[in-house]
Number of protein chains: 2
Amino acid sequence: MSGTRHPPEGRPATFELVLRHIEGRLTSGDLRPGDRLPPERELAARLGAGRQSVREALRVLQAQGVIRSQVGTGTDSGTVVVPAPARALTRLLRVHLAVDSFPMRDVTEARVMLERFSAGLAARRRAAPDLERMSDALAAMDADLDRERFSDLDTAFHVAIAESAGNRLVGELTVAIRESVRATLLGAMLGDEDWARLRDRLRAEHREIHAAIDGGDGARAADLVEAHIRAFHGRVPPT
Amino acid sequence: MSGTRHPPEGRPATFELVLRHIEGRLTSGDLRPGDRLPPERELAARLGAGRQSVREALRVLQAQGVIRSQVGTGTDSGTVVVPAPARALTRLLRVHLAVDSFPMRDVTEARVMLERFSAGLAARRRAAPDLERMSDALAAMDADLDRERFSDLDTAFHVAIAESAGNRLVGELTVAIRESVRATLLGAMLGDEDWARLRDRLRAEHREIHAAIDGGDGARAADLVEAHIRAFHGRVPPT
DNA sequence: GGTGGGCTATGGTCCGACCAAGACCAGGAC
DNA sequence: GTCCTGGTCTTGGTCGGACCATAGCCCACC
């Protein structure tokens, strides 16, 4: 950074060097979740870079869901290391969906794979607090809700299953994939079929899944989840 | 953007608005892979924003693996929409691994899930060109290689399987997860066991997997892959 | 002792300037 | 005529300085 002045001659871009510097501090454990980074101006001065380069590096880390920034002087102000993979993953997948990096069909299959995995593990573990969260979501879904609210609770139910599997990575991936197709799924709920009827069917399927997990029947839970997802994605137009 | 001048009063940050604008053009199909974006200066002028804000938005898209930038005047110069999800995913996962968003154990389980899925599907499809790529990687691995080169070919073999499954999303995820733990895996190859012996064992396992896929035995291929991964990750220190 | 108004630190933004890479073009050397 | 050569123009990369808005903090004043 503090090498030959100004320009990017041969070596990587300055913001990239700043990025690597911070990544290095994260990897070495020098920076941990909850820690504050130096102010942008100070970081720039310390690395012999301009503030713009520092900001671009920070923007990348923000896009990766590693840091959060906010103005002000308080304890929580400035730039803090706050890992939030799901949001970053969601946005990444969504934009790639938009740009046709992969077809909707692949997303469906991936969801089936992830949620079968989660349901199977959740049934083996049967963690009480997670089971309760699922029940809560189901109960809330019994109200007379519009599509949007229903969909959010639907997601909450599936997320509870994913997190109950005890695998954070798979949990985050499940959330991300589900969220990234939220708009598409919502659109599918507007199909020709009667909303009330569709809603009832989804509720019934959810209860079956919940019962299977609660009963410790992982294989059945996985099969039910797969059927549940496929039935719904069948309503989604391809690609 | 062209609203009230300068400041972020209430509304989202300017770079965020620029980002949404471009995302919108991607979603609507107005911008497609291969298309060039306007020059930064022009984009800034058109949106009534400063160049810095535009650059930060572009940096985010670059971090998401959606665009590629390079200086110059040629046809390929400037900023172009070039989706490359795997690289972006790799980097995202790696930094979250560094920051302990999830333990190594979760990564192992996720790999098992993904690669079981891929192996099973690859065996059902038995795509000739992919099978050949696998053979090529295996043949190359027969040479007397150091750990690093061997590891790269190892990755190439597994990636070939993933892509042979015909699911691009799962393929990209497989590549990303594998790449993100590349350094860790390499470290594990330096264990106490004799390198030549370990290498022979990996070769033998790879050949078995290849044979199962080539023979169309998806269940066996999946089981072999799982054993293969677990055996190796068993050498990796936890978290 | 409580409260309100500056003070200050910090991220967000704009502007103008310059650098380096790369393609293209004009003009001269052979 | 062909081939090099140097200039020019476009474009991303970078810096420095300036200003804004936000949000704690502190001190003077009531």
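In the text below, chain A, chain B and the rest are named by the order of the sequence lines, each starting its count at 1.
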| D/dG17 base to A/R51 side chain: any donor-acceptor pair below 3.5 Å? | no

| task | For A/E16 and D/dG12, give me the distance from atom CD to atom P, rounded to whole Å. | result | 18 Å

| field | Of the listed nucleotides D/dC15, D/dC19, D/dT11, the one nearest the side chain of A/A49 | value | D/dC15

| said: How many whole angstroms separate atom CZ of B/R41 from atom P of C/dC19? | reply: 14 Å

| note | Atom CZ of B/F15 and atom P of C/dG11 are separated, to the nearest Å, by 13 Å

| So A/H206 and A/F157, would you call those rings parallel, tilted or perpendicular, with 30° and 60° as cut-offs? | tilted

| task | Give the rounded distance in Å between these two atoms: CD of A/E56 and C1' of C/dT13. | result | 14 Å

| Taking C-beta and beyond as the side chain, do A/F102 and A/L93 meet within less than 4.5 Å on heavy atoms? | yes

| task | Carefully, step by step, assess B/T79 and B/S69 under the rule side-chain hydrogen bond (donor to acceptor under 3.5 Å, both in side chains). | result | CA-CA 4 Å; B/T79 303; B/S69 293; 3.1 Å; yes

| How far apart are the closest heavy atoms of A/E115 and A/V225, and which atoms are they? | CB-CG1, 3.6 Å

| request: Using atom CG of A/L19 as one end and atom C1' of D/dG13 as the other, report the distance to the nearest whole Å. | output: 15 Å

| When B/R199 is tested against each of B/D142, B/D144, B/D146 for salt bridge (Lys or Arg N to Asp or Glu O under 4.0 Å), which residue passes? | B/D144

| field | Along DNA chain D (nearest heavy atom to each residue), the more 5'-positioned of B/R36 and B/Q52 | value | B/R36

| request: For B/E40 and C/dC14, give me the distance from atom CD to atom C1', rounded to whole Å. | output: 15 Å

| message | On the side chain of A/R55, is there an atom forming a donor-acceptor pair with the base of C/dG11 - under 3.5 Å, no angle test? | response | no

| message | Which residues in residues 68-79 of chain B have a heavy atom closer than 4.0 Å to any atom of DNA chain C? | response | B/V71, B/G72, B/T73, B/G74

| In terms of side-chain heavy atoms, does A/R55 have a donor or acceptor partner in A/Q52 at a distance below 3.5 Å? | no

| request: Grab the CD1-P distance between A/I67 and C/dT10 for me, whole Å please. | output: 15 Å

| To the nearest Å, how far apart are A/Q62 CD and C/dG12 P? | 7 Å

| Does OP1 or OP2 of C/dT13 have a side-chain N or O of B/T14 closer than 4.0 Å? | yes

| query | How would you list, by chain and number, every residue that makes a side chain to side chain contact (heavy atoms under 4.5 Å, CB included) with A/E42, sequence neighbours excluded? | reply | A/P38, A/P39, A/R46

